2 protein chains.
Amino acid sequence: MTMTPQIEAFVYHFGEMGSRWGFNRTVGQMYALIVLSEHPLCANDLSEALNISRGNVSMGLKELQSWRLLQEKRVPGDRKEYFTAAGSIWDMAIRVLEERRRREVDPTLSLLRDTLLEKPSNEQEVYAQEKMQEIHDLLELCGGWADELLTMPPNKLKTLMKLGSGMGKVLEFTDKLTLRSPDI
Amino acid sequence: MTMTPQIEAFVYHFGEMGSRWGFNRTVGQMYALIVLSEHPLCANDLSEALNISRGNVSMGLKELQSWRLLQEKRVPGDRKEYFTAAGSIWDMAIRVLEERRRREVDPTLSLLRDTLLEKPSNEQEVYAQEKMQEIHDLLELCGGWADELLTMPPNKLKTLMKLGSGMGKVLEFTDKLTLRSPDI
DNA sequence: CAATAATTTCTGAAAATACAGAACCTGCTG
DNA sequence: CAGCAGGTTCTGTATTTTCAGAAATTATTG
């Protein structure tokens, strides 16, 4: 289990980026290596290839599993656990986005909902609540939309994205249509 | 400059979330307070309201400015600088997304592009490059799409999002149309 | 061109996080 | 049930990040 310079470069880069994506350097490296490996890897492989302590690898695998990013593979006659990336690259992206939403957006939404139920008790709070309402609506709208998109079959989603600037036009077009028939 | 419990709760929450959004606790608190305040705030206001050292406030303001999230306000006859949130909540969201893309996605894309120009030097790299290609394509597609969306006028974007599950249908519909006329 | 108000940069302490390595489980195998 | 492979949890150290407060810098006004 030794990495070529190319693979190494990507693995390290992903480690650095990892922190931005919500997990730490070593977890990022571990995941990158697993994704790039055709064959399932076990904890020892990771520990050796990345020079990471065995205990740390165990924690990292736990973390990646909590993101639902790993698929466990059992090799008959071998008592080690092996791992590959769960699903396609698309699946991976979707999982990460879902998880980040759960961690970053949902708690805020919930707090906002609670706060907005309370009566503003002075001038200052009237304005503040207006802003909170705006934030709430934005998050809710985006969240709902994201749900729609992420539950679409990937193919369809891809088509949609490729539509690109066409989308603006489609939108105008459907606008016109809905003038006549509100239920496209 | 004293916060009501409601406002305080949101400010602190946003501080905690802040770290997930790419800046630290105090920067998050500062921004939340600025957004919720009807009137522009100066460094001292922030320092006092949040119990943050004056120097730290200065750093934080720099950080927020690097995200293009602040609008500077000058009050005639007062030499202090005052700040409000730059633009609407939508503008804020767009700025944050753009900036995160710049910081999180672009460097990876650039590395991938470079790597994919090289010839795979063995079996292992052939597979790894396939995966990298997939990641590259996904990031590029999403990035391009995000560009489209984020440069759309907010109203249009809002309409699009509200379209919700309708979108799947629109898609099928345009599919049929393009069979006859490829340039919608 | 002082005097001083406002801001920025620097410095080191404190807090949080990441991590190696040891100690500890758990369950298989002979 | 001893021995051991594999995995997890714990403990202390190293690293990184955050931040207050001091020092330095820049602007503003009489």
Side-chain angles (χ1 to χ4, degrees), chain A residues 1 11-34 40-67 70-84 103-104, chain B residues 1 11-34 40-67 70-84 103-104:
Chain A
M1 213 20 261
V11 164
Y12 287 156
H13 172 85
F14 208 80
E16 300 311 320
M17 280 300 135
S19 62
R20 305 207 164 279
W21 283 87
F23 31 73
N24 68 30
R25 192 163 53 86
T26 48
V27 173
Q29 290 176 0
M30 287 169 53
Y31 187 56
L33 187 53
I34 289 172
L41 301 180
C42 70
N44 281 329
D45 296 334
L46 292 167
S47 173
E48 283 167 31
L50 301 170
N51 273 302
I52 291 175
S53 80
R54 197 55 194 63
N56 196 11
V57 168
S58 178
M59 303 288 285
L61 289 171
K62 277 270 162 82
E63 173 79 2
L64 288 173
Q65 279 173 320
S66 84
W67 286 74
L70 296 187
Q71 167 137 27
E72 201 171 323
K73 295 265 183 199
R74 281 278 171 193
V75 178
D78 187 338
R79 34 210 267 221
K80 288 200 283 296
E81 296 180 300
Y82 289 83
F83 299 92
T84 56
R103 299 180 188 206
E104 298 176 5
Chain B
M1 216 17 260
V11 164
Y12 287 156
H13 172 85
F14 207 81
E16 299 313 319
M17 279 303 133
S19 62
R20 305 208 166 279
W21 284 87
F23 30 73
N24 68 28
R25 194 162 54 88
T26 48
V27 173
Q29 291 177 359
M30 287 170 54
Y31 187 56
L33 188 52
I34 290 172
L41 301 179
C42 70
N44 281 329
D45 296 333
L46 291 168
S47 171
E48 284 168 30
L50 301 170
N51 273 304
I52 291 173
S53 80
R54 195 55 195 63
N56 197 11
V57 168
S58 177
M59 303 289 285
L61 289 171
K62 275 270 163 81
E63 174 78 3
L64 288 173
Q65 279 174 320
S66 84
W67 287 74
L70 296 187
Q71 167 136 30
E72 201 172 322
K73 294 266 183 194
R74 279 282 172 188
V75 177
D78 186 339
R79 41 212 262 211
K80 287 199 284 296
E81 293 183 301
Y82 288 84
F83 298 91
T84 56
R103 299 180 188 206
E104 299 175 4

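By convention in this document, chain letters (A, B, ...) are assigned in the order of the sequence lines, proteins followed by strands, and residues within each chain are numbered from 1. Values in this document were obtained by computation on a predicted structure and should not be read as measured data.
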Just the rounded figure in Å: distance from C1' of C:dT17 to CZ of B:Arg25. 15 Å
Checking C:dT7, D:dG6, C:dA18 against the side chain of A:Asn24 (C-beta onward), the nearest is C:dA18
Worked verdict on A:Leu70 versus A:Leu61 for side-chain contact (heavy atoms from CB on, under 4.5 Å): CA-CA 8 Å; A:Leu70 296 187; A:Leu61 289 171; 3.7 Å; yes
Of the listed nucleotides C:dT9, D:dT9, C:dT4, the one nearest the side chain of A:Ser58: D:dT9
Look at the side-chain N and O atoms of B:Lys62 and state whether any lies under 4.0 Å from the OP1 or OP2 oxygen of C:dT9. yes
Measure from NZ on B:Lys80 to C1' on C:dA5 and round the result to the nearest Å. 9 Å
How many whole angstroms separate atom CG of B:Leu61 from atom P of C:dT9? 12 Å
Integer-rounded Å distance: C:dT7 C1' and B:Arg79 CZ: 11 Å
Taking the side chain as C-beta and beyond, is there a heavy-atom pair between B:Glu63 and B:Met59 under 4.5 Å? no
For atom CG of B:Leu41 and atom C1' of C:dA6, their distance in whole Å: 16 Å
Take the protein atom CZ of A:Phe23 and the nucleotide atom P of C:dT17, then report the distance between them rounded to whole Å. 17 Å
Rounded to whole angstroms, how far apart are CD on B:Glu72 and P on C:dA6? 15 Å
A:Arg20 to B:Arg103 - nearest heavy-atom pair and separation: CD-O, 3.9 Å
Keeping the roles fixed (side chain from A:Ser47, backbone from A:Ile52), state whether a donor-acceptor pair exists under 3.5 Å. yes
Within residues 12-21 of chain A, which residues have any heavy atom lying less than 4.0 Å from an atom of DNA chain C? none
Reckon A:Thr26 has a side-chain N or O less than 4.0 Å from the OP1 or OP2 of C:dA18? no
Closest contact, heavy atoms only, A:Val57 versus A:Met30: O-CE, 3.5 Å
B:Glu16 versus B:Arg25, closest heavy-atom pair with distance: OE2-CD, 3.5 Å
Sequence neighbours excluded - side-chain hydrogen bond (donor to acceptor under 3.5 Å, both in side chains) pairs with any residue from residues 72-81 of chain A: A:Asp78-A:Tyr82
Please list, by residue number, the residues of residues 42-56 of chain A whose heavy atoms come closer than 4.0 Å to an atom of DNA chain C; answer none if no residue qualifies. A:Asn51, A:Ile52, A:Ser53, A:Asn56
Classify the ring geometry between B:Phe23 and B:Trp67 as parallel (under 30°), tilted (30 to 60°) or perpendicular (over 60°). perpendicular
Can you tell me the distance, in whole Å, between the CE atom of B:Met59 and the C1' atom of D:dC19? 10 Å
Rounded distance (nearest 0.5 Å) linking atom CG of B:Leu33 with atom CD of B:Gln29: 9.0 Å
